[in-house]
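The analysis underlying the following values was restricted to heavy atoms, covering all of them including side chains, and did not include hydrogens, waters or symmetry mates. Here the structure is a predicted model, which means the values were calculated and not measured. Every chain is numbered from 1 and lettered A, B, ... according to where its sequence line falls, protein lines coming before strand lines.
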Number of protein chains: 2
Amino acid sequence: MDKFELKLDQAARAAWLSYVGGLTQDEIAGQLGVSRPGVQRLLALARQEGVVKVHIDHPIATCVALGHALAERFELRYCDVVPANADAPEDAARYLAVAGAKRLAQYVERSEPLTLSLGSGRSVRAAVEALDRVERPQHRFVSLIGNVARDGSSNRFDAVMALADKTGGERFLLPAPVVAESVAERQAMLSQRLFKAIADVAAASRAALIGIGRIDAQATLYQDHFINDAELDELLRLEAVGELLGWPLDSHGAPIECSLTQRVTSLPLSRFGDQLMVGIAGGRDKAPAILAALRGGWLKGLITDEVAARWILAAR
Amino acid sequence: MDKFELKLDQAARAAWLSYVGGLTQDEIAGQLGVSRPGVQRLLALARQEGVVKVHIDHPIATCVALGHALAERFELRYCDVVPANADAPEDAARYLAVAGAKRLAQYVERSEPLTLSLGSGRSVRAAVEALDRVERPQHRFVSLIGNVARDGSSNRFDAVMALADKTGGERFLLPAPVVAESVAERQAMLSQRLFKAIADVAAASRAALIGIGRIDAQATLYQDHFINDAELDELLRLEAVGELLGWPLDSHGAPIECSLTQRVTSLPLSRFGDQLMVGIAGGRDKAPAILAALRGGWLKGLITDEVAARWILAAR
DNA sequence: TCATTGGACGAGCAAATGATCGTATGCGAG
DNA sequence: CTCGCATACGATCATTTGCTCGTCCAATGA
């Protein structure tokens, strides 16, 4: 019999005793008549040779695996993947919100004063709503994207507003529409003292939770009338597939320069290099946009669902 | 969603990260936003609820499992089970011998002086033969069963002789036939000074490796003419199924008192209460005998093969 | 409203684990 | 036969793990 096979036999014995039998390495060493480090090596060999197979018998396991793969591929600090319930699509959105709320809670529950940024998107809003109410007046919450509608009214239902309401923290809202009417208007806004002050607060924030938008006829930017038909057409022509804070990205995640971007009032993406930008979005439709954001390296964290995760990993 | 299910979700996540992802509990704690002891508890829960399934992908695994089950059931210090190669039956005997030699080597290789007992049986002999030659003149080897044939000649091929030859150790042989011609002859032998001296050496031995014999027309005792037709018939009538050192046992492992046992010269089984008696035998045919020996509680170690192990465990 | 009890939580500690290093052992080439 | 190389082994140490205990919080009942 082969010398290597004999060793593998021993390794399999050791593996059984360790993983199934539940013995300690010392006991196994006694049983097999080798030293404790010898057992160590046998176990390492058994794992390396694939003799030991571990299976996690729970639906969530595939989600964790997907998240791990995404985190590895795109160098994320973390990636949460929630199950996509095919039977009840509305559940997926709720799962996403709960997962987002969990991450938010990790920050908000801390008692040291903290600055947190929030982007736009229904998912961000839903995450905030899923958060438990907790008194944290010491925190500051900044919106990274304008919350003024075309008609000049402030959006009462902004995520920052909701979060500040829930915690009693301070709120900092960008006093601007997402897209200015003209380049000159944008310049005027950006040079406001208040605007700069808010940008400073945002720069000091620990982390940011932002939505990821798609660019097509169902794009939020378009449906909420932040951009018009002509602007959408231009973006589609330039092959934009997604947007972060209103900044359009191509399929490789590179920012797209165009007439629209001359008038976007959000803080530039490049300003967030050192903070933990977390994207939250899910669903097959948003997958290409998420992939673009990941490829561009803009995100350090991601909260998504199984469907999007699978699509992205399959897209290579 | 159920509170318990949520916890199990978390537990499954933790289990995946730990067993598949290979993260430490500290890292998992960071990922999941719980304390390290929390992860500990989650992993314990996952194991307890059967979320984690470990499979050892190697034929030897079933052998180890069988051995473990036998050791548990019959309170053995250890139980080695070797694979039964259905294609090559002669291999089974060699495997058994190698396994026996391994256990023997554990004792023999020690440098402190050691006394070791050996019983009868082809398996014991084969185990000794499979042992590597090693110089250990400090050891003492005792035979627990007579090695004098009916014609008065000493059995040159006794296991003790072979082992002493291999190691240069001292040999102590019982100067008697296995079964005396008469009760009186047995008395005479047992009262010899030499006989008593050997019994004392045997009593001082650390461990004993003994064969397990079956009682039927193919019984070694009978085929080697240690007992005659009439004696075999008596044993069968009294429902003996096996023997240890010539002492017949019924199917529950209880010693059988009969005319034959009045003349057996081996040391009584009850004398070995405090030492490590290891049985070695395999094969479907010997399985009932092995089961009897186990049920009687005579053995503290067992070396057998897959076929016998399966039969014994199935016999309940 | 307050006391009580059950359960969860985290600090701290002992045991177990994985890894490194120096040493021994065997094997092949010269 | 001897040298050099490579491989394997076991002592030792840092890290990780499992566990115990005291504490706290929430639910329950008087």
Between [N] ([atom2]) and [X] ([atom1]): distance, integer Å:
X: L45(A); N: dT7(D); atom1: CG; atom2: C1'; answer: 15 Å
X: D26(B); N: dT15(D); atom1: CG; atom2: P; answer: 12 Å
X: Q10(A); N: dA8(D); atom1: CD; atom2: P; answer: 15 Å
X: R36(B); N: dA8(C); atom1: CZ; atom2: P; answer: 19 Å
X: E27(A); N: dA15(C); atom1: CD; atom2: P; answer: 14 Å
X: E109(B); N: dT25(C); atom1: CD; atom2: P; answer: 13 Å
X: L23(B); N: dT16(D); atom1: CG; atom2: C1'; answer: 13 Å
X: Q48(B); N: dG18(D); atom1: CD; atom2: P; answer: 14 Å

Starting from the C-alpha separation in whole Å, work towards a yes-or-no answer on ring pair (Phe, Tyr, Trp, His ring centres under 6.0 Å) for W16(A) and H58(B).
CA-CA 10 Å; W16(A) 193 96; H58(B) 194 286; over 10 Å; no

Sidechain N-carboxylate O distance under 4.0 Å for D165(A), R171(A):
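A salt bridge links D165(A) with R171(A).
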
Is D132(B) paired with K166(B) through a side-chain N to carboxylate O contact shorter than 4.0 Å?
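A salt bridge is absent here (no side-chain N lies under 4.0 Å from a carboxylate O).
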
On the nucleotide [N], are OP1 or OP2 found under 4.0 Å from the side-chain N or O atoms that [X] carries?
X: Q25(A); N: dG18(C); result: yes
X: Q40(B); N: dG18(D); result: yes
X: K7(A); N: dT7(D); result: no

Does any donor-acceptor pair link the side chain of R41(B) with the base of dG18(D) at a separation under 3.5 Å?
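No, no donor-acceptor pair under 3.5 Å.
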
Donor-acceptor contact present, side-chain S123(A) to main-chain G211(A), <3.5 Å:
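No, because the side chain of S123(A) does not come within donor-acceptor range (under 3.5 Å) of the backbone of G211(A).
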
From dG10(D), dC19(D), dT17(C), pick the nucleotide closest to the side chain of T24(A)?
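Ranking dG10(D), dC19(D), dT17(C) by closest atom to the T24(A) side chain puts dT17(C) first.
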
